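Side-chain atoms are counted along with the backbone in the values below, which use heavy atoms only and exclude waters and symmetry mates. On a predicted model such as this, the values are computed, not experimentally measured, just so you know.
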Amino acid sequence: MADFNLSDSNHSSFILMGIPGLEAAHIWISIPFSTFYIIGLLGNFMILFVVGKEHTLHEPMYLLLCMLALTEIGASTSIVPKVLCIFWFNLKGITLGGCLTQMFFLHAGSVTHSAVLVTMAFDRYVAICNPLRYATILTNERIAKLGLVCLTRAVLFVLPLPLLLSRQPFCASRIIPHTYCDHMAVAKMSCGDITVNRTYGLVIVFIVLGFDLTLIALSYGLIIRAILRIPSKEAHQKALSTCTAHICVMMMAYPIFLFSTLTYRFGQHIAPYVHIILANLYYLLLPALNPIVYGVKTKELRDKIRKYICGMSSTGPVIPNLCDKRGSLGSNILLVASIFSRLL
């Protein structure tokens, strides 16, 4: 990242208040925060480990899943350790440089996450609409290049946010009513004109997310059209089942992100603690639930995880049917739950 232009008046630390109005409950709130964070780390590292070890999973779909896992690990790790320091040790201070760095990584992670979801939608489109050309259109090398494009786009769009704020004069009151350095939360600490900052933030939301959602809608529109042309109902269900996990992840990601982003600018009548909790859920729930969703819904990945989990026990499976490949949805959920119980 570029060096920030920090004037003498900007060397003081900001104060992150945590969740205003719920300070007395910070210790109790830290329990689900830390639990979701640990589950997210274990689940995503498990996916990275299994895909890395199993050469049969070195395919575009699983490489994209690894990219998704990396963005979730990076974004959640950029804020949760500091949040827990606030909750547990009352360490609320953060320098301007640290604040702007945190802002860059968490927003870059969000933009990259959205771009990876778009690429995954394209992957499903090619798999269903052009299955015979799938291997030639989406090679591993091409997926790596698309991942680099996703990351580059995120850096180019997000980098101006901290650079613009680094040139702002900040008031004597540097108390940020938040758990992390959100762009608008820091911008409101400025004594100068933040019209450019506010406008550019909205441009990112509407252009980047609008563009991504349009491409996703287009991909699924073509997927649905291709599925409706298939005469077999069984083929309908099989084709749709390959998209279920991706749809579930999108339904969790975009509504929370859009609500959190827009309420900070326009939701003056919403209690601050409601907005802050929802904003944190985006960086806690997604990393924790995405590995579970893909672990339950993706048979190949589920079978490989089952192989490693069953291999961890020298005395055989603890849960009935855990190592039975014909297990029901209930046993698959138990499998995913057992991963975390064994690792914890």
Side-chain angles (χ1 to χ4, degrees), residues 1-5 14 16 37 40-41 44 48 63-83 94-120 143-168 176 178-187 196-213 215-216 249-250 252-254 256-258 260-262 264-265 279-287 290:
M1 288 183 61
D3 292 333
F4 295 117
N5 180 24
F14 287 106
L16 293 169
Y37 178 59
L41 288 181
N44 284 293
L48 293 172
L63 295 181
L64 288 171
L65 186 55
C66 288
M67 292 181 192
L68 199 68
L70 287 172
T71 62
E72 290 171 351
I73 291 171
S76 62
T77 301
S78 68
I79 67 168
V80 177
K82 179 59 181 177
V83 173
I94 184 170
T95 64
L96 178 61
C99 192
L100 297 179
T101 301
Q102 183 190 61
M103 179 195 305
F104 170 79
F105 281 106
L106 69 92
H107 288 306
S110 298
V111 175
T112 305
H113 188 276
S114 180
V116 173
L117 289 178
V118 174
T119 310
M120 295 176 86
I143 289 296
K145 291 178 181 178
L146 287 173
L148 184 60
V149 170
C150 293
L151 181 61
T152 303
R153 185 190 78 152
V155 171
L156 293 178
F157 272 105
V158 174
L159 188 58
L161 293 177
L163 291 179
L164 288 171
L165 280 177
S166 70
R167 290 166 170 77
Q168 287 286 341
I176 302 175
H178 213 300
T179 53
Y180 59 83
C181 291
D182 181 79
H183 170 245
M184 283 308 302
V186 179
V196 175
N197 305 74
R198 188 186 297 272
T199 303
Y200 186 74
L202 285 175
V203 166
I204 292 180
V205 172
F206 287 109
I207 290 184
V208 174
L209 290 186
F211 179 74
D212 291 352
L213 289 173
L215 290 180
I216 290 172
V249 170
M250 290 192 299
M252 291 187 295
Y254 286 114
I256 296 177
F257 180 79
L258 286 172
S260 173
T261 302
L262 296 178
Y264 211 103
R265 291 170 170 82
N280 280 273
L281 286 179
Y282 177 81
Y283 297 102
L284 289 169
L285 283 182
L286 288 183
N290 286 357

Flag the pair [X] / [Y] as yes when at least one side-chain heavy-atom distance between them is below 4.5 Å, and no otherwise.
X      : Y      : result
Met67  : Leu151 : no
Phe157 : Val203 : no
Tyr37  : Pro81  : yes
Met103 : Leu165 : yes
Gln102 : Tyr180 : yes
Met120 : Val116 : yes
Leu48  : Ile73  : yes
Arg153 : Val208 : yes

Walk me through it: do Met184 and Asn197 pass the test side-chain contact (heavy atoms from CB on, under 4.5 Å)?
CA-CA 8 Å; Met184 283 308 302; Asn197 305 74; 5.8 Å; no
Exercise: identify the closest heavy-atom pair between [X] and [Y]:
X      : Y      : answer
Ile176 : Ala185 : CG2-CB, 3.8 Å
Met250 : Ile216 : SD-CG2, 3.4 Å
Ser166 : Leu100 : CB-CD1, 3.8 Å
Asn44  : Pro287 : ND2-O, 3.1 Å
Ala108 : Ala154 : O-CB, 3.6 Å

Starting from the C-alpha separation in whole Å, work towards a yes-or-no answer on side-chain contact (heavy atoms from CB on, under 4.5 Å) for Cys181 and Leu16.
CA-CA 8 Å; Cys181 291; Leu16 293 169; 4.2 Å; yes
Nearest-0.5 Å distance that lies between atom [atom1] in [X] and atom [atom2] in [Y]:
X      : Y      : atom1 : atom2 : answer
Tyr282 : Met252 : OH    : CE    : 11.0 Å
Phe206 : Leu258 : CZ    : CG    : 8.5 Å
Tyr254 : Leu117 : OH    : CG    : 4.5 Å
Asn280 : His178 : CG    : NE2   : 6.5 Å

Tell me if a side-chain donor or acceptor on Ser78 pairs with a main-chain N or O of Ala75 at a distance below 3.5 Å.
yes
Whether Ser114 side chain and Ser110 backbone form a donor-acceptor pair below 3.5 Å
no
Scan [options] and name whichever one has a side-chain contact (heavy atoms from CB on, under 4.5 Å) with [X].
X      : options                        : value
His107 : Leu159, Leu161, Ile204, Thr112 : Leu161
His113 : Asn290, Asp212, Leu70          : Asn290
Leu106 : Thr101, Ile79, Val158, Thr77   : Ile79

